[in-house]
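The structure appears below as C-alpha coordinates.
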Amino acid sequence: MTLVPPSEEQDRSKESPGSTGQLFSVRATTLFRVGLCAAFLLVIGSGFVASAYYHSNYWNEIGYAPKQPVSFSHRRHAGELRIDCRNCHASVETAAFAGMPSTQTCLVCHSQVLTNTPMLLPVIESAARNMPLRWSRVTHLPDHVYFDHSIHVSKGVGCATCHGDIGKMASTAKAEPLTMRWCLDCHRDPGPRLRRPSEVFAATSPLPQSPERQNELLRFYHIRTGNLTDCSTCHN
(Lines give C-alpha, C1' and ligand atoms only; values in the text may rest on other atoms or scores of the structure.)
Protein backbone atom coordinates (compact mmCIF):
# COMPACT_ATOMS: atom_id res chain seq x y z
CA MET A 1 0.00 0.00 0.00
CA THR A 2 1.42 3.37 -1.07
CA LEU A 3 0.83 6.31 1.20
CA VAL A 4 0.12 9.65 -0.47
CA PRO A 5 1.26 12.83 1.28
CA PRO A 6 -1.56 15.16 2.36
CA SER A 7 -0.41 17.90 0.00
CA GLU A 8 -0.57 15.59 -3.04
CA GLU A 9 -4.03 14.33 -1.97
CA GLN A 10 -5.34 17.91 -1.88
CA ASP A 11 -3.88 18.62 -5.32
CA ARG A 12 -5.58 15.56 -6.78
CA SER A 13 -8.96 16.55 -5.27
CA LYS A 14 -8.64 19.92 -7.02
CA GLU A 15 -7.87 18.24 -10.35
CA SER A 16 -10.91 15.92 -10.18
CA PRO A 17 -14.05 17.83 -9.14
CA GLY A 18 -16.16 14.73 -9.33
CA SER A 19 -14.31 13.21 -6.44
CA THR A 20 -15.95 15.75 -4.05
CA GLY A 21 -19.51 14.67 -5.02
CA GLN A 22 -20.34 17.99 -6.84
CA LEU A 23 -22.12 17.31 -10.18
CA PHE A 24 -22.10 20.90 -11.48
CA SER A 25 -19.61 23.68 -11.18
CA VAL A 26 -20.22 26.72 -9.02
CA ARG A 27 -20.71 28.83 -12.17
CA ALA A 28 -23.38 26.46 -13.56
CA THR A 29 -25.24 26.42 -10.26
CA THR A 30 -25.26 30.22 -10.10
CA LEU A 31 -26.58 30.50 -13.66
CA PHE A 32 -29.32 27.98 -12.89
CA ARG A 33 -30.44 29.94 -9.84
CA VAL A 34 -30.44 33.21 -11.77
CA GLY A 35 -32.46 31.61 -14.56
CA LEU A 36 -34.94 30.17 -12.07
CA CYS A 37 -35.46 33.57 -10.45
CA ALA A 38 -35.84 35.21 -13.87
CA ALA A 39 -38.46 32.64 -14.91
CA PHE A 40 -40.39 33.21 -11.67
CA LEU A 41 -40.34 36.99 -12.13
CA LEU A 42 -41.40 36.57 -15.76
CA VAL A 43 -44.44 34.50 -14.77
CA ILE A 44 -45.45 36.95 -12.03
CA GLY A 45 -44.90 39.96 -14.31
CA SER A 46 -46.89 38.35 -17.12
CA GLY A 47 -49.77 37.82 -14.69
CA PHE A 48 -49.76 41.47 -13.66
CA VAL A 49 -49.59 42.61 -17.30
CA ALA A 50 -52.45 40.29 -18.30
CA SER A 51 -54.57 41.50 -15.38
CA ALA A 52 -53.90 45.16 -16.19
CA TYR A 53 -54.77 44.58 -19.85
CA TYR A 54 -57.97 42.70 -18.97
CA HIS A 55 -59.15 45.60 -16.80
CA SER A 56 -57.97 48.32 -19.18
CA ASN A 57 -60.14 50.65 -21.25
CA TYR A 58 -58.70 49.09 -24.39
CA TRP A 59 -59.94 45.60 -23.47
CA ASN A 60 -63.34 46.97 -22.41
CA GLU A 61 -63.53 49.12 -25.57
CA ILE A 62 -64.07 52.34 -23.64
CA GLY A 63 -64.22 55.11 -26.22
CA TYR A 64 -65.17 52.70 -29.01
CA ALA A 65 -67.28 54.59 -31.56
CA PRO A 66 -68.27 52.46 -34.57
CA LYS A 67 -69.03 54.07 -37.89
CA GLN A 68 -72.75 54.66 -38.37
CA PRO A 69 -74.79 54.87 -41.60
CA VAL A 70 -75.67 58.46 -40.67
CA SER A 71 -73.38 60.99 -38.99
CA PHE A 72 -75.75 61.43 -36.09
CA SER A 73 -74.65 63.72 -33.25
CA HIS A 74 -76.12 63.17 -29.79
CA ARG A 75 -74.40 66.38 -28.75
CA ARG A 76 -76.47 68.32 -31.26
CA HIS A 77 -79.78 66.50 -30.81
CA ALA A 78 -79.84 65.49 -27.13
CA GLY A 79 -77.45 68.09 -25.73
CA GLU A 80 -78.12 71.32 -27.57
CA LEU A 81 -81.67 70.75 -28.86
CA ARG A 82 -82.68 68.71 -25.78
CA ILE A 83 -84.63 66.17 -27.80
CA ASP A 84 -85.93 63.45 -25.49
CA CYS A 85 -84.25 60.05 -25.80
CA ARG A 86 -87.64 58.39 -26.25
CA ASN A 87 -88.21 60.19 -29.55
CA CYS A 88 -85.63 57.92 -31.18
CA HIS A 89 -85.49 55.00 -28.71
CA ALA A 90 -89.23 54.49 -28.58
CA SER A 91 -89.36 51.12 -26.76
CA VAL A 92 -86.97 51.98 -23.94
CA GLU A 93 -89.83 52.15 -21.39
CA THR A 94 -91.68 49.05 -22.52
CA ALA A 95 -89.16 46.50 -23.78
CA ALA A 96 -85.77 45.00 -23.08
CA PHE A 97 -84.37 46.60 -26.23
CA ALA A 98 -84.46 50.40 -26.33
CA GLY A 99 -85.08 50.47 -30.06
CA MET A 100 -83.24 52.39 -32.79
CA PRO A 101 -84.57 55.27 -34.89
CA SER A 102 -86.18 54.27 -38.14
CA THR A 103 -85.93 56.19 -41.36
CA GLN A 104 -89.40 57.61 -40.77
CA THR A 105 -88.36 58.82 -37.32
CA CYS A 106 -85.54 60.84 -38.84
CA LEU A 107 -87.81 62.23 -41.55
CA VAL A 108 -90.33 63.58 -39.04
CA CYS A 109 -87.92 66.48 -38.64
CA HIS A 110 -85.62 66.19 -41.63
CA SER A 111 -88.29 66.19 -44.28
CA GLN A 112 -88.40 69.92 -43.53
CA VAL A 113 -85.06 70.70 -41.87
CA LEU A 114 -81.63 70.34 -43.53
CA THR A 115 -83.13 68.30 -46.34
CA ASN A 116 -80.28 68.88 -48.80
CA THR A 117 -77.26 68.27 -46.57
CA PRO A 118 -74.84 65.49 -47.63
CA MET A 119 -74.98 63.84 -44.19
CA LEU A 120 -78.71 63.30 -44.60
CA LEU A 121 -78.31 61.55 -47.97
CA PRO A 122 -78.32 58.01 -46.45
CA VAL A 123 -81.69 58.75 -44.85
CA ILE A 124 -83.14 60.00 -48.15
CA GLU A 125 -81.81 56.92 -49.97
CA SER A 126 -83.17 54.64 -47.26
CA ALA A 127 -86.65 56.11 -47.72
CA ALA A 128 -86.44 56.00 -51.52
CA ARG A 129 -85.37 52.34 -51.57
CA ASN A 130 -87.60 51.33 -48.65
CA MET A 131 -84.54 49.84 -46.96
CA PRO A 132 -84.10 50.36 -43.19
CA LEU A 133 -81.04 52.06 -41.79
CA ARG A 134 -78.58 49.56 -40.30
CA TRP A 135 -77.17 51.13 -37.16
CA SER A 136 -74.02 49.69 -35.62
CA ARG A 137 -74.17 48.59 -32.00
CA VAL A 138 -71.97 50.53 -29.61
CA THR A 139 -72.38 48.24 -26.61
CA HIS A 140 -72.31 44.46 -26.70
CA LEU A 141 -73.31 42.07 -23.92
CA PRO A 142 -72.63 38.31 -23.97
CA ASP A 143 -75.49 36.09 -25.13
CA HIS A 144 -75.88 34.62 -21.63
CA VAL A 145 -76.57 38.06 -20.12
CA TYR A 146 -80.12 39.41 -20.01
CA PHE A 147 -80.55 43.17 -19.76
CA ASP A 148 -83.92 44.92 -19.75
CA HIS A 149 -83.99 48.66 -20.45
CA SER A 150 -87.59 49.04 -19.28
CA ILE A 151 -87.05 47.84 -15.71
CA HIS A 152 -83.97 50.00 -15.26
CA VAL A 153 -85.51 53.27 -16.41
CA SER A 154 -88.72 52.53 -14.48
CA LYS A 155 -86.60 52.15 -11.33
CA GLY A 156 -84.83 55.47 -11.81
CA VAL A 157 -81.61 54.43 -13.51
CA GLY A 158 -80.80 57.22 -15.96
CA CYS A 159 -79.59 56.71 -19.51
CA ALA A 160 -76.31 58.48 -18.74
CA THR A 161 -75.53 55.98 -15.97
CA CYS A 162 -74.68 53.31 -18.54
CA HIS A 163 -74.16 55.39 -21.68
CA GLY A 164 -72.18 58.26 -20.19
CA ASP A 165 -72.57 61.95 -20.99
CA ILE A 166 -74.36 61.18 -24.22
CA GLY A 167 -75.34 64.83 -24.65
CA LYS A 168 -71.68 65.72 -25.11
CA MET A 169 -70.86 63.08 -27.75
CA ALA A 170 -70.60 64.09 -31.38
CA SER A 171 -69.96 60.43 -32.21
CA THR A 172 -71.62 57.93 -29.89
CA ALA A 173 -68.95 55.98 -28.02
CA LYS A 174 -68.94 53.34 -25.29
CA ALA A 175 -68.53 55.08 -21.93
CA GLU A 176 -68.65 52.29 -19.32
CA PRO A 177 -67.13 48.77 -19.24
CA LEU A 178 -70.48 47.03 -18.57
CA THR A 179 -68.62 44.07 -17.09
CA MET A 180 -70.11 41.72 -14.53
CA ARG A 181 -68.14 43.46 -11.78
CA TRP A 182 -69.43 46.86 -12.91
CA CYS A 183 -73.04 45.67 -12.95
CA LEU A 184 -72.72 43.99 -9.55
CA ASP A 185 -71.32 47.17 -8.02
CA CYS A 186 -74.52 48.92 -9.06
CA HIS A 187 -76.80 46.10 -7.95
CA ARG A 188 -75.17 46.00 -4.51
CA ASP A 189 -75.46 49.76 -4.06
CA PRO A 190 -77.93 51.26 -6.56
CA GLY A 191 -78.61 54.42 -4.56
CA PRO A 192 -75.90 56.65 -6.12
CA ARG A 193 -77.13 55.81 -9.65
CA LEU A 194 -80.79 56.67 -9.12
CA ARG A 195 -82.46 59.83 -10.42
CA ARG A 196 -85.81 61.53 -10.09
CA PRO A 197 -88.40 60.48 -12.70
CA SER A 198 -88.05 63.82 -14.46
CA GLU A 199 -84.24 63.34 -14.74
CA VAL A 200 -84.06 59.72 -15.93
CA PHE A 201 -83.76 60.68 -19.61
CA ALA A 202 -81.36 63.57 -19.07
CA ALA A 203 -78.37 63.47 -21.40
CA THR A 204 -75.76 64.20 -18.73
CA SER A 205 -74.42 62.22 -15.78
CA PRO A 206 -76.16 62.80 -12.44
CA LEU A 207 -74.59 64.88 -9.70
CA PRO A 208 -73.56 63.15 -6.44
CA GLN A 209 -76.44 62.78 -4.02
CA SER A 210 -76.51 62.70 -0.24
CA PRO A 211 -77.15 59.37 1.54
CA GLU A 212 -80.50 60.72 2.69
CA ARG A 213 -81.53 61.47 -0.87
CA GLN A 214 -80.38 58.04 -2.01
CA ASN A 215 -82.46 56.31 0.66
CA GLU A 216 -85.44 58.44 -0.31
CA LEU A 217 -85.17 57.33 -3.94
CA LEU A 218 -84.73 53.69 -2.93
CA ARG A 219 -88.01 53.90 -1.03
CA PHE A 220 -89.73 55.82 -3.84
CA TYR A 221 -88.86 53.16 -6.43
CA HIS A 222 -89.47 50.27 -3.98
CA ILE A 223 -85.99 48.89 -4.56
CA ARG A 224 -84.79 46.07 -2.31
CA THR A 225 -81.21 44.98 -2.82
CA GLY A 226 -81.67 41.54 -1.26
CA ASN A 227 -82.17 39.67 -4.53
CA LEU A 228 -80.49 42.01 -7.00
CA THR A 229 -77.31 39.93 -6.94
CA ASP A 230 -79.03 36.59 -7.53
CA CYS A 231 -77.68 34.82 -10.61
CA SER A 232 -81.16 34.52 -12.10
CA THR A 233 -81.56 38.30 -12.09
CA CYS A 234 -79.27 38.69 -15.09
CA HIS A 235 -78.80 35.10 -16.28
CA ASN A 236 -82.20 33.70 -17.21
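Reckoned from all heavy atoms, side chains included, excluding hydrogens, waters and symmetry mates. No experiment lies behind these values; they were computed from the predicted model shown.
- The shortest non-hydrogen separation linking Ser136 to Lys67 is OG-O, 3.1 Å.
- Glu93 contributes no side-chain N or O that, together with a main-chain N or O of Val153, makes up a donor-acceptor pair within less than 3.5 Å.
- The same ILVMFWY cluster, assembled from side-chain heavy atoms under 4.5 Å apart, contains both Tyr221 and Leu228.
- With contacts defined as side-chain heavy-atom distances shorter than 4.5 Å, the pair Asn215/Glu212 does not qualify.
- Between Glu216 and Arg213 a salt bridge is recorded (basic side-chain N to carboxylate O distance below 4.0 Å).
- The CG atom of Asp148 lies 8.0 Å from the OG atom of Ser154; values are rounded to the nearest 0.5 Å.
- Closest non-hydrogen pair, Ala65 versus Ala173, comes out as CB-CB, 3.8 Å.
- Using modelled atom types, no side-chain atom of Arg76 and backbone atom of Phe72 make a donor-acceptor pair closer than 3.5 Å.
- Using a 4.5 Å heavy-atom cutoff, the side chains of Thr225 and Pro190 are in contact.
- To the nearest 0.5 angstrom, Leu81 atom CG is 9.0 Å from Cys109 atom SG.
- Tracing side-chain contacts under 4.5 Å through hydrophobic residues (I, L, V, M, F, W, Y), one reaches Val145 starting from Trp182; they form part of the same cluster.
- The backbone N or O of Pro122 lies less than 3.5 Å from no partner atom in the side chain of Ser126, so there is not a single donor-acceptor pair.
- Residue Ile223 holds its CD1 atom at 6.0 Å from NZ of Lys155, rounded to the nearest 0.5 Å.
- Checking side-chain atoms of His235 against main-chain N and O of His144 turns up a donor-acceptor pair under 3.5 Å.
- Environment of CG in Leu41: crowded, with over 12 heavy atoms of neighbouring residues, nucleotides or ligands closer than 6.0 Å.
- Side-chain atoms of His74 do not come within 3.5 Å of backbone N or O of Gly167 as any donor-acceptor pair.
- At a threshold of 4.5 Å between non-hydrogen side-chain atoms, the residues Leu107 and Ile124 count as touching.
- Inspection of the Asp230 and Ser232 side chains reveals no N or O donor paired with an N or O acceptor under 3.5 Å.
- In this model, a donor atom of one side chain and an acceptor atom of the other lie less than 3.5 Å apart for Thr105 and Ser102.
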Report task. Please assess Val138 against Gln68 for the test side-chain contact (heavy atoms from CB on, under 4.5 Å), listing each intermediate value before the final yes or no. Result -> CA-CA 10 Å; Val138 176; Gln68 301 292 352; 4.0 Å; yes
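- Hydrophobic cluster membership is shared by Leu194 and Phe220, with clusters built from Ile, Leu, Val, Met, Phe, Trp and Tyr side chains linked at under 4.5 angstrom.
- The heavy-atom pair separating Trp135 from Val70 by the smallest distance is CH2-CB, 3.9 Å.
- Contact annotation: the side chain of Leu178 never approaches that of Glu61 to less than 4.5 Å [non-hydrogen atoms, C-beta and beyond].
- Here the closest non-hydrogen pair linking Thr139 and Lys174 is CG2-CG, 4.2 Å.
- Of the possible donor and acceptor atoms, one in the side chain of Thr233 sits under 3.5 Å from a partner among the backbone N and O of Asn227.
- The SG atom of Cys37 sits 10.0 Å away from the CZ atom of Phe32 when rounded to the nearest 0.5 Å.
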Report task. For the pair Cys234 and His187, evaluate side-chain contact (heavy atoms from CB on, under 4.5 Å) and give the outcome as yes or no after the intermediate values. Result -> CA-CA 11 Å; Cys234 301; His187 278 216; 3.9 Å; yes
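- The two atoms that bring Cys159 and Cys85 nearest to each other are SG-SG, 4.1 Å, heavy atoms only.
- Thr172 approaches Pro66 most closely through the heavy-atom pair O-CD, 4.2 Å.
- Hydrophobic clustering, with ILVMFWY side chains joined whenever heavy atoms are under 4.5 angstrom apart, groups Leu217 together with Val200.
- Crowding of Phe147 atom CZ: a count of heavy atoms from other residues, nucleotides or ligands under 6.0 Å exceeding 12.
- Between Ser91 atom OG and Arg86 atom CZ the span is 12.5 Å, to the nearest 0.5 Å.
- Under the 4.5 Å side-chain heavy-atom criterion for Ile, Leu, Val, Met, Phe, Trp and Tyr, Leu120 and Met100 are members of the same hydrophobic cluster.
- Interatomic distance, CZ of Arg193 versus CD of Gln209, reported as 11.5 Å (0.5 Å rounding).
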